[in-house]
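Some notes on the structure that comes next.
The first residue in the sequence is number 1, and the count goes up from there. All values below were derived from every heavy atom in this structure, side-chain atoms included, with hydrogens, water molecules and symmetry-related copies excluded.
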Amino acid sequence: MPASFGFSNIWLQGDWVTRSILLLLLGMSLASWVVIFIKALDTWRHKENALNSEQFWHCTSLAEGLSVLSQRPNNLFHHLALTGQEATEHHQAAQKQLHDRLDISDWLTRSLRNGIDDHTSHLQNWLSILASIGSTSPFVGLFGTVWGIYHALVNIGTTGNVGIDAVAGPIGETLIMTALGLAVAIPAVLGYNALVRGNKFIIARMNRFAHDLHAYFVTGARVHSSAQGASHVV
């Protein structure tokens, strides 16, 4: 690319609108990569916890199972098991309160459902940033292109030079803004889709784990048959 064209020329020859668009696209790109990196680590850790949650059911007691789950920091399945334990103990201890009209199954279902909803909300944090960047950055780049073409045409009209070199260079240069918008949007969209797919796996495992917890706290045993494949039980 000739030195007279390219990013440096866009920055040097552009006005404050063009420079603002470039800075905005740069900020959107940095923000999307930071979110992708942080959320990818978060999703990977929770998926590892989901895959290892089966160890809970191989323990000989609830206390041992909670201890195994607590060995992994910020383990959503440990929090879910604690929620079930606390809900069971609270229901048994507070017989004279209004919620004693609910049986233990309904009380546990509500408690575990609330716990899953809270964890689901946590998993989805910051994903709206990726969705917003992926959907708006192409339009930001397109706006930069339109703005650049407008100024290029105004400059051509002022100078009266209508040669192909005077037209193609500046207008072609402005198309870089569209390319930048797409370069920002594509990683954001791909990252968003990958993170959503990872979250679906974790949420499905939480639903299955909550179903088993519900059966354990109500009946004293885990249900092994058809409940294993259930994904929306509580």
Side-chain angles (χ1 to χ4, degrees), residues 28-90 107-135 184-218 222-234:
M28 295 171 82
S29 179
L30 290 175
S32 64
W33 280 109
V34 168
V35 171
I36 289 172
F37 180 74
I38 293 176
K39 293 299 294 183
L41 287 179
D42 201 36
T43 302
W44 174 79
R45 187 176 67 251
H46 289 312
K47 288 183 73 173
E48 288 291 312
N49 292 336
L51 294 173
N52 288 285
S53 64
E54 193 66 19
Q55 296 177 359
F56 174 85
W57 300 108
H58 295 296
C59 297
T60 57
S61 67
L62 176 61
E64 183 183 352
L66 291 173
S67 176
V68 169
L69 292 179
S70 66
Q71 293 175 2
R72 293 175 172 272
N74 195 24
N75 190 341
L76 301 181
F77 295 83
H78 178 243
H79 296 318
L80 206 57
L82 282 178
T83 298
Q85 182 190 34
E86 292 171 357
T88 303
E89 293 175 351
H90 184 74
W107 180 248
L108 262 175
T109 298
R110 289 179 52 181
S111 300
L112 292 174
R113 183 73 267 168
N114 289 338
I116 292 175
D117 289 343
D118 291 340
H119 297 324
T120 300
S121 177
H122 170 75
L123 291 172
Q124 294 175 344
N125 283 344
W126 297 6
L127 291 184
S128 60
I129 296 177
L130 289 181
S132 299
I133 291 176
S135 60
V184 174
I186 291 173
V189 172
L190 293 177
Y192 174 85
N193 291 335
L195 291 171
V196 167
R197 187 166 58 251
N199 286 346
K200 285 182 178 178
F201 172 83
I202 297 168
I203 292 170
R205 286 302 185 105
M206 281 198 300
N207 275 303
R208 183 185 303 179
F209 188 71
H211 175 275
D212 291 344
L213 283 176
H214 179 274
Y216 171 76
F217 284 117
V218 172
R222 182 189 185 190
V223 179
H224 290 276
S225 57
S226 58
Q228 294 289 332
S231 58
H232 298 286
V233 179
V234 296

Residue pair Leu127, Val196: steps toward the side-chain contact (heavy atoms from CB on, under 4.5 Å) verdict: CA-CA 8 Å; Leu127 291 184; Val196 167; 4.2 Å; yes

Pairs where residues 29-47 contributes a residue and the test side chain to side chain donor-acceptor pair (under 3.5 Å) is met, not counting sequence neighbours: Asp42-Arg45, Asp42-His46

Pairs flagged by side chain to side chain donor-acceptor pair (under 3.5 Å) wherever residues 197-206 is involved - sequence neighbours left out: none

Given Ile116, Thr120, Ile202, the one that forms side-chain contact (heavy atoms from CB on, under 4.5 Å) with Asn207: Ile116

Residue pair Leu123, Leu76: steps toward the side-chain contact (heavy atoms from CB on, under 4.5 Å) verdict: CA-CA 10 Å; Leu123 291 172; Leu76 301 181; 4.1 Å; yes

Please tabulate, for the side chains in residues 78-88, all donor-acceptor contacts under 3.5 angstrom to protein atoms that are two or more places apart in sequence or on a different chain.
residue: Thr83; atom: OG1; partner: His79; partner atom: O; Å: 2.8
residue: Thr88; atom: OG1; partner: Gly84; partner atom: O; Å: 2.8

Side chains of [X] and [Y], heavy atoms from C-beta outward: is any pair under 4.5 Å?
X      : Y      : answer
Val184 : Ile133 : yes
Phe217 : Leu112 : no
Trp57  : Asp212 : yes

Provide the closest heavy-atom pair for [X] versus [Y] in the form atom of the first, atom of the second, distance.
X      : Y      : result
Ser132 : Ser135 : O-OG, 3.1 Å
Leu130 : Gly191 : CD1-C, 4.2 Å
Glu54  : His58  : O-CD2, 3.2 Å
Ser70  : Ser67  : OG-O, 2.8 Å

Working for side-chain contact (heavy atoms from CB on, under 4.5 Å), residues Trp126 and Ile36: CA-CA 9 Å; Trp126 297 6; Ile36 289 172; over 6 Å; no

Phe201 atom CZ, neighbour heavy-atom count above 12 within 6.0 Å: yes

Distance in Å, Arg208 CZ paired with Ile203 CD1, rounded so as to fall on 0.5 Å steps: 14.0 Å

Between CG on residue Asn49 and CG on residue Asn75, distance to nearest 0.5 Å: 4.0 Å

Lys/Arg-Asp/Glu bridge criterion (N-O < 4.0 Å) met for Asp117, Arg113: yes

Sole residue of Phe209, Tyr216, Phe77 in ring pair (Phe, Tyr, Trp, His ring centres under 6.0 Å) with Phe56: Phe209

